[in-house]
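Throughout, residue positions are numbered sequentially from 1 according to the sequence presented. Just so you know, these numbers come straight off a predicted model, no measurement behind them.
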Amino acid sequence: MMEQKRNIQIIEWEDLDKRKFYSLGVFMTMTTRATVYPFTLIRTRLQVQKGKSLYNGTFDAFWKILKAEGVRGLYRGFMVNTLTLISGQAYITTYELVRKYVSCYSSNNTVKSLVAGGAASLVAQSITVPIDVVSQQLMVQGQGCQLTRFKLKPKRVMATSKHKVTFGQTRDIVVQIFHMDGSRGFYRGYVASLLTYIPNSAVWWPFYHFYAEQLSRLAPADCPHLLLQAMAGPMAAATASTLTNPMDVVRARVQVEGRSSVMETFKQLLAEEGVWGLTKGLSARIISSTPTSVMIVIGYETLKRLSLRPELVESRHW
């Protein structure tokens with residue numbers, strides 16, 4: 001049941017028509033990923049470069065990539081990254097189910113959001129990491145210096161279809177990773193990913209509900225709840241991104257450079273670039289997380305309202 005005592009009502013798992021929820025959810029997730037992918041690519045390149053050897057910042061990287069590689073350069077590795085749609089569905093399912101389970105022991109929304117957000121990220125990252133490892137290798141190809149152990153072979157004679165070229169490159173990288181590191185290579189950086197995204201997810205949900213509640217107290221009574229939620233999303237994302245960015249930088253370096261130790265990577269980063277090295281890619285991360293959060297919140301909350309069980313529609317007021 002919805003929590004009636006909160007100003008902004010929360011649609012819970014048992015209120016949803018699951019068929020509508022999943023079919024509409026795939027479209028929402030795909031649209032969001034396509035929109036923010038260029039900044040994900042830029043964030044990765046900024047995080048793995050040494051100092052400012054290639055780019056001076058987010059917008060400098062954007063224009064340089066656009067000029068040198070065109071629009072396609074901003075979407076390197078995107079096709080393989082779309083496989084994370086699977087992890088996206090696993091994430092929301094785990095979040096809602098764990099939230100429902102925790103509600104049996106606690107009615108506190110912060111507790112439910114914290115536990116469910118962390119659990120959802122654990123499940124999603126177990127699926128996402130191998131995809132990220134491959135897509136990140138594709139993201140850093142074609143740079144002025146070698147940022148990765150793997151390099152695409154010269155283009156072979158193949159059909160000019162973009163689809164075939166894309167998956168030809170993906171297959172090339174997959175073979176190299178397996179040949180050099182075996183199956184474990186696809187989970188390189190797994191621990192770093194968990195240390196990054198579990199706290200990020202666990203923090204995002206409580207802050208999202210907190211900011212939405214605070215905004216609802218300040219806003220006029222007739223202000224649409226969806227607008228307040230859309231404002232709360234980026235605020236929560238900026239907070240979570242700032243808190244977890246240091247580990248995100250370490251994660252990117254472990255996965256791209258092939259390192260095995262999270263602590264050694266962290267120490268080397270501090271030794272070479274100081275504390276400021278831990279902020280690399282933060283602006284790109286916040287910039288990408290802002291529209292992502294707005295789209296996710298609007299999409300997700302709208303999705304839940306559209307997926308509300310028919311018999312409950314008349315009893316809900318927004």
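Two residues are said to be in side-chain contact when any heavy atoms from C-beta on lie closer than 4.5 Å; Thr31 and Met295 meet this criterion. With contacts defined as side-chain heavy-atom distances shorter than 4.5 Å, the pair Val123/Thr93 does not qualify. Taking the side chain as every heavy atom from C-beta outward, Thr170 and Met79 never approach each other to under 4.5 Å.
In this structure, Lys304 pairs ionically with Glu96, as a charged nitrogen and a carboxylate oxygen lie closer than 4.0 Å.
A distance-only check finds a donor-acceptor pair linking the side chain of Ser135 to the backbone of Asp132 [under 3.5 Å]. Using modelled atom types, no side-chain atom of Asn245 and backbone atom of Thr242 make a donor-acceptor pair closer than 3.5 Å. Judged purely by atom type and a 3.5 angstrom limit, Ser121 uses its side chain to pair as donor or acceptor with the backbone of Tyr197. Arg309 contributes a side-chain N or O that, together with a main-chain N or O of Glu14, makes up a donor-acceptor pair within less than 3.5 Å. A distance-only check finds a donor-acceptor pair linking the side chain of Ser216 to the backbone of Glu213 [under 3.5 Å]. Panel note: side chain Arg253, backbone Gln47; a donor-acceptor pair is recorded below 3.5 Å. Between the side chain of Lys280 and the backbone N or O of Gln49, at least one donor-acceptor pair lies under 3.5 Å.
In this structure, Leu282 belongs to a hydrophobic cluster whose other members, linked by side-chain heavy atoms under 4.5 Å apart, are Ile286.
Ring geometry for Phe21 against Tyr300 counts as perpendicular: the plane angle is over 60°, on a 0 to 90° scale with 30° as the lower cut.
The line from CG of Leu85 to CZ of Phe27 is 12.0 Å long, rounded to the nearest 0.5 Å.
The side-chain tip of Lys112 does not point at the ring of Trp205 from less than 6.0 angstrom away and within 45° of straight on.
The shortest non-hydrogen separation linking Ile42 to Ala61 is CG2-CB, 3.8 Å. Minimum heavy-atom separation, Tyr208 to Val297: OH-CG1, 3.6 Å. Of all non-hydrogen atoms in Gly118 and Ser201, the two that sit nearest each other are N-OG, 4.3 Å.
Under the ring-ring contact (aromatic ring centres under 6.0 Å, His included) criterion, Tyr187 pairs with Tyr190, not counting sequence neighbours.
Every pair passing ring-ring contact (aromatic ring centres under 6.0 Å, His included) that includes a residue from residues 28-48 is listed here, sequence neighbours excluded: Tyr37-Tyr75, Tyr37-Phe78.
Exactly one residue among Thr244, Thr279, Thr290, Thr40 makes a side-chain hydrogen bond (donor to acceptor under 3.5 Å, both in side chains) with Arg285. That residue is Thr244.
With hydrogens and angles left out, the side-chain atoms of Tyr211 and Thr239 include a donor and acceptor closer than 3.5 Å.
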